[in-house]
Amino acid sequence: MPLAPPTYLRLSAPPFEGAYVGVREHRPPRPTSGAGGPLVLLTFHPGFIAGSYGEWDYFARLSAQIFQSLDPRYRLRVFTVNHPGYDHPPGATIDRFRLEAYSIRRQPEAMRAALTWLLDGPLAGERDVVWVAYGHSMGGLALSQCQTEALVARMAAAGRRLRPARILSAPAFCLHPQARAIIVQLDALHALKLTLGRLPLYEPVATGLYRSLAPFFYRLSAPQFSIGGLHGFTGFRRLNPFVLLEQGRELLRLEAADVCGPDTLADVHVILARQDGMVDCAATHDLIAAARRQGHRVHHHDVDSTHLLELDAPNVAAGIVRQVIAEAVA
């Protein structure tokens with residue numbers, strides 16, 4: 001599936017202070033029709049490490065499946081919205097001691113900024129937009145915290161309609177204990193940065209070691225965390241190790257009670273994979289049950305796959321996306 005060149009959005013409001021969000025459009029193999037119907041906007045929000053880099057996009061297989069069986073009654077535009085600190089313009093620098101802009105707590109704000117740009121820029125001529133947001137793992141966590149009401153009200157004030165729907169695939173509310181066990185190693189690396197981080201050679205040496213060793217450590221842990229589907233991913237060397245370190249420490253210390261309140265799962269679709277070695281599915285099932293006891297409708301999908309459903313079984317994920325689109329359009 002061909003990807004459009006990235007658009008880099010510079011976020012100037014605090015705390016972002018110039019951090020970039022990269023947005024990539026997935027181009028369909030042929031133009032979509034349905035001139036009289038609504039526009040369906042499908043946005044992908046990637047997880048930790050994954051995203052859109054060069055010619056590789058984590059969601060490329062999924063978008064190809066969706067375009068292959070597109071309902072002719074509507075038009076479709078598909079975008080990957082990277083998190084700040086991932087895909088960014090060549091030459092852009094990140095201060096390893098000022099990483100607040102790249103915190104997972106800030107990802108919902110960056111997500112809203114990107115959606116505002118999409119709706120007011122490339123999609124400014126659309127009066128009726130069905131927005132299906134699909135977040136995987138860390139992206140699902142961010143999406144669950146993204147307040148869409150302001151976007152809906154903003155569109156309504158301009159005489160336009162926005163109908164949002166959310167899909168959380170393996171959301172990172174509850175990580176498996178075996179994943180949490182590596183927090184000790186990340187804390188040691190963080191302590192090393194605080195101790196030696198201001199030495200002139202620290203940054204190039206640390207970055208060089210990361211770029212050399214990351215693929216090896218990834219392959220070593222892939223069976224344990226059921227992330228073998230990333231074997232074709234070569235973007236490790238493009239990632240900033242200091243951003244990954246901070247985000248990893250945040251994710252592994254995250255407590256579900258801090259982020260998954262009663263309204264978080266209201267009227268969302270949650271996908272859990274039975275062979276997921278990264279997410280604690282049993283604990284996530286408990287969150288879903290608690291939300292339902294509070295009176296919320298939660299659409300739950302159990303699938304046979306690993307943590308990387310979108311790579312391992314894109315046809316299964318595409319079927320759920322098509323279902324959500326059909327319901328939203330109706």
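Atoms considered below: every heavy atom in the structure, side chains included; atoms not considered: hydrogens, waters and symmetry mates.
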**Item:** Candidate pair V78 and I66, rule side chain to side chain contact (heavy atoms under 4.5 Å, CB included), full reasoning
**Value:** CA-CA 10 Å; V78 181; I66 294 169; 5.7 Å; no
**Request:** State, yes or no, whether a side-chain contact exists between P38 and V329 at a heavy-atom distance under 4.5 Å.
**Result:** yes
**Asked** In this structure, are over 12 heavy atoms from other groups packed under 6.0 Å from R98 atom CZ?
**Response** no
**Message:** Restricting to non-hydrogen atoms, name the atom on A172 and the atom on L254 that form the minimum distance, rounded to 0.1 Å.
**Reply:** O-CD2, 3.4 Å
**Spacing of NE2 belonging to H83 relative to CE belonging to M138, to within rounding of 0.5 Å** = 4.0 Å
**Prompt:** Would you call T116 and R154 a side-chain contact if the rule is heavy atoms closer than 4.5 Å?
**Reply:** yes
**Complete:** Here the pair of heavy atoms bringing N82 nearest to S52 is OD1-N, 3.1 Å
**Request:** Hey, could you give me the CZ/CG distance between F67 and L62, rounded to the nearest 0.5 Å?
**Result:** 10.5 Å
**Request:** Starting at NE2 of H45, measure out to CG of L115 and round the result to the nearest 0.5 Å.
**Result:** 6.0 Å
**Asked** Can you tell me if Y8 and D87 form a side-chain donor-acceptor pair at under 3.5 Å?
**Response** yes
**Message:** Between H26 and F59 (judged by ring centroids, cut-off 6.0 Å), do the two rings come close enough to count as a pair?
**Reply:** no
**Item:** pair R10-V21: side-chain heavy atoms closer than 4.5 Å
**Value:** no
**Message:** Is there a path of hydrophobic side-chain contacts, each under 4.5 Å between heavy atoms of I/L/V/M/F/W/Y residues, joining L118 to F16?
**Reply:** yes
**Message:** I'd like to know whether H269 forms a side chain to side chain contact (heavy atoms under 4.5 Å, CB included) with E327, so could you lay out the CA-CA distance, the side-chain angles of the two residues, the decisive distance to 0.1 Å, and finally the verdict.
**Reply:** CA-CA 12 Å; H269 289 257; E327 294 171 356; 3.7 Å; yes
**Fill in**
Looking only at heavy atoms, the pair that brings V279 and T284 closest together is CG1-OG1, 3.7 Å
**Request:** Taking all heavy atoms of S144 and all of T264, pick out the closest pair and write down the distance.
**Result:** CB-CG2, 3.4 Å
**Asked** Between S103 and E100, is there a donor-acceptor pair closer than 3.5 Å when you use the side chain of the first and the backbone of the second?
**Response** no
**Asked** Between E25 and R77, is there a donor-acceptor pair closer than 3.5 Å when you use the side chain of the first and the backbone of the second?
**Response** no
**Prompt:** Heavy atoms, side chains only, cut-off 4.5 Å: are V130 and Y74 in contact?
**Reply:** no
**Asked** After noting the C-alpha distance and the side-chain angles of H285 and D302, does the key distance pass the side chain to side chain contact (heavy atoms under 4.5 Å, CB included) rule?
**Response** CA-CA 10 Å; H285 281 135; D302 272 330; 3.3 Å; yes
**Request:** Please indicate whether R198 has more than 12 foreign heavy atoms, meaning atoms of other residues, nucleotides or ligands, lying under 6.0 Å from its CZ.
**Result:** no
**Request:** State, with a plain yes or no, whether a side-chain heavy atom of Y86 is found less than 4.5 Å away from one of Y53.
**Result:** yes
**Asked** Are D95 and F242 side-chain neighbours, meaning at least one heavy-atom pair lies under 4.5 Å?
**Response** no
**Message:** For a side chain to side chain contact (heavy atoms under 4.5 Å, CB included) check, start with the C-alpha distance between V303 and I320, then their side-chain angles and the critical distance, and finish with the verdict.
**Reply:** CA-CA 10 Å; V303 299; I320 296 172; 4.3 Å; yes
**Prompt:** Can I104 be reached from Y20 by stepping across I, L, V, M, F, W or Y side chains whose heavy atoms are under 4.5 Å apart?
**Reply:** no
**Item:** Exam field: side chain H88 to backbone A19, donor-acceptor pair closer than 3.5 Å
**Value:** no
**Message:** For a 4.5 angstrom cut-off between non-hydrogen side-chain atoms, does E109 reach P15?
**Reply:** yes
**Asked** So, does R24 use its side chain to make a donor-acceptor pair with the main chain of T80 at under 3.5 Å?
**Response** no
**Request:** Taking the side chain as every heavy atom from C-beta outward, state whether L245 and R96 have any pair of such atoms under 4.5 Å apart.
**Result:** no
**Request:** Might you point out which heavy atoms bring R127 and G159 nearest each other, and give the distance in Å?
**Result:** NH2-O, 3.3 Å
**Request:** Mind listing the closest non-hydrogen atom pair of L151 and W131 along with its distance?
**Result:** CD1-CZ3, 3.9 Å
**Message:** Treating R160 as the side-chain partner and E126 as the backbone partner, does any N or O pair qualify as donor plus acceptor under 3.5 Å?
**Reply:** yes
**Request:** State whether the side chain of Q145 and the backbone N or O of P108 hold a donor-acceptor pair below 3.5 Å, judged by distance alone.
**Result:** no
**Request:** Measure the spacing between CD of E310 and OG of S169 and express it to the nearest 0.5 Å.
**Result:** 3.5 Å
**Item:** Donor-acceptor under 3.5 Å (Q275 side chain, S305 main chain)
**Value:** yes
**Prompt:** At what distance, to the nearest 0.5 angstrom, does CG of L42 lie from CD1 of I167?
**Reply:** 7.5 Å
**Request:** To the nearest 0.5 angstrom, please state how far the CG atom of L76 sits from the CG atom of L39.
**Result:** 7.5 Å
